[in-house]
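Indexing begins at 1, ligand by ligand and atom by atom, following the structure's order. Only heavy atoms go into these numbers, but all of them, side chains included; no hydrogens, no water, no symmetry mates. We count residues from 1, following the sequence as given.
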Amino acid sequence: MDTAVNPATLAAAIPKAELHIHIEGSLEPELIFALAQRNGVKLAYPDVQALREAYAFTNLQSFLDIYYAGASVLLHEADFHDMAWAYFLRAKADNVAHTEIFFDPQTHTARGVPMASVVRGLASACERAHGELGISSALILCFLRHLSEQDALDTLEAALPLREHFIGVGLDSSEVGHPPSKFSRVFARCRELGLRVVAHAGEEGPPEYIWEALDDLKAERIDHGVRSLEDPALVAELARRRTPLTVCPLSNLKLCVVKDLADHPMKRLLDAGLCATVNSDDPAYFGGYLNANFVRTVQALDLSREDVITLARNSFEASFVSDTRRQELMALLEAATG
Ligand code: ADE
Ligand code: ZN
C-alpha cells in the first residue's frame, strides 16, 4: 500500500487477527430485542434506545451487570449461531482474517441452556465464516471468576464431550477479589488436556494478578494486562517471555480504566518491547469493533505506520494458529503493506 497513506487508514485496511472478543459482548441492542421477541423473554428496558442509554459504565462491574442481562435472550442453538454470524459479518468489514472468540458457558447453563446448544451454535457459525467469508477462527471457553473453582471444574467436565470445538480456556468476569490463583487446579487440568490457556489479568486488578496468571495458571497470553506498567520487573518478564497482551483500548475508556484515550498505555507497551495487540473486547457495548479501536487509538496516541504494522504482526504472532496459517497471514499483511 502507498506509504503516504495515513496510519489510521492503513490500520483499517490491513488484515488483522482479533484475539480478545467476548461473543456475548457483540450482541447489539437490535439483536437483543429481536431475540427477546423470538424467545418470549422480557427485558428490563422498553426499547433499543433505552437500553443503549444505559450503556454509561463507571467500572467493570457496572458493565457486567448489563452484559449478563443482555445475554439472557440467548436460549437456543440458532440464537448462538445468529449472534456469532452477526459478529463475523462485522469482522469481515474490518478486514479481520482470523479471530479467537471467547464464550461464557456458565452464563447460559445456569439458566438451563444445554452446553451443546451454546457450543454447537457458535461452532457452526465459525465453520460458515470459514466457508463464506474466508475468516479462520477458534473458540475459547471462559470460566467466570466470580463463581467457585468447583463450578469451573464442573463446567469443564460438561464441555468435554464437545472438546473438538474449542481450543482453549480463559478466565473472565469480576476481577478484583478473584485472583487467578483461585483457579490453579482447573487450569492445571486444562493444560493436562492439551488446552491452550489465557486469562484476564491487570484490567482493574493489580500487577500481582498478572504474575499469578503467568506463574500459577501458566497463561500463554494475558487479556488486558495494562496495569503491568506499574511493575518494571513484570514488564521485563513479559518482554523476556514474549507473552502477548490482548489490549482493548475502547473498553478501557468505557470502563474508566483510562480517563482519556490520549492517556492510554498502548504506546508505552509497544515502546517497552511487549507483544501488545489491539482488540474490541465487547464491541456492542464499548462503541466500536476492531477498526474503531485501531483508528481511535492511532489518532489519540499519534501512532506511526511502523506501530500499526507491528500491532498487526503481533496479532498474528500471538494467535494460536498453525505455523502454516501464520505464514499465510503474515504474507497477507506483507502484500497489503508492501
Ligand atoms: N467479560 C466480558 N468482558 C469482560 C471484561 N472486559 N473483563 C472481564 N470480563 C469480561
Ligand atoms: Zn475481556
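- Here the protein contributes His20 NE2, His22 NE2, His200 NE2, Asp281 OD1 as N, O or S atoms under 2.8 Å from the Zn ion (ligand 2).
- The cationic group of Arg221 lies under 6.0 Å from the six-membered ring centre of Phe320 and within 45° of the ring axis, placing it in a cation-pi geometry.
- Of the residues listed (Phe103, Phe63, Tyr87, Phe102), the one engaging His22 in a ring pair (Phe, Tyr, Trp, His ring centres under 6.0 Å) is Phe102, and it is the only one.
- Relative to the six-membered ring of Phe316, Arg326 misses at least one condition, a distance below 6.0 Å or an angle of at most 45° to the axis.
- Screening Thr99, Asn314, Asn291, Asn95 for a side-chain hydrogen bond (donor to acceptor under 3.5 Å, both in side chains) involving Lys16 leaves a single residue, Asn291.
- Residues Gly205 and Glu175 approach most closely at N-OE1, 2.8 Å, considering heavy atoms.
- The only option from Arg242, Arg191, Arg241, Arg196 that meets the salt bridge (charged side-chain N to carboxylate O under 4.0 Å, His left out) definition with Glu220 turns out to be Arg196.
- Within a 6.0 Å sphere centred on CD of Gln37, heavy atoms belonging to other residues, nucleotides or ligands number 12 at most.
- Listed as neighbours of ligand 1 are His22, Leu60, Phe63, Leu64, Tyr67, Asp172, Ser173, His200, Glu203, His224, Asp281, Asp282, each bearing a heavy atom under 4.0 Å from the ligand.
- For the residue pair Asp281 and His20, a side-chain donor N or O sits within less than 3.5 Å of a side-chain acceptor on the partner.
- Only one option out of Thr277, Leu303, Ile14 pairs with Leu311 in a side chain to side chain contact (heavy atoms under 4.5 Å, CB included); it is Leu303.
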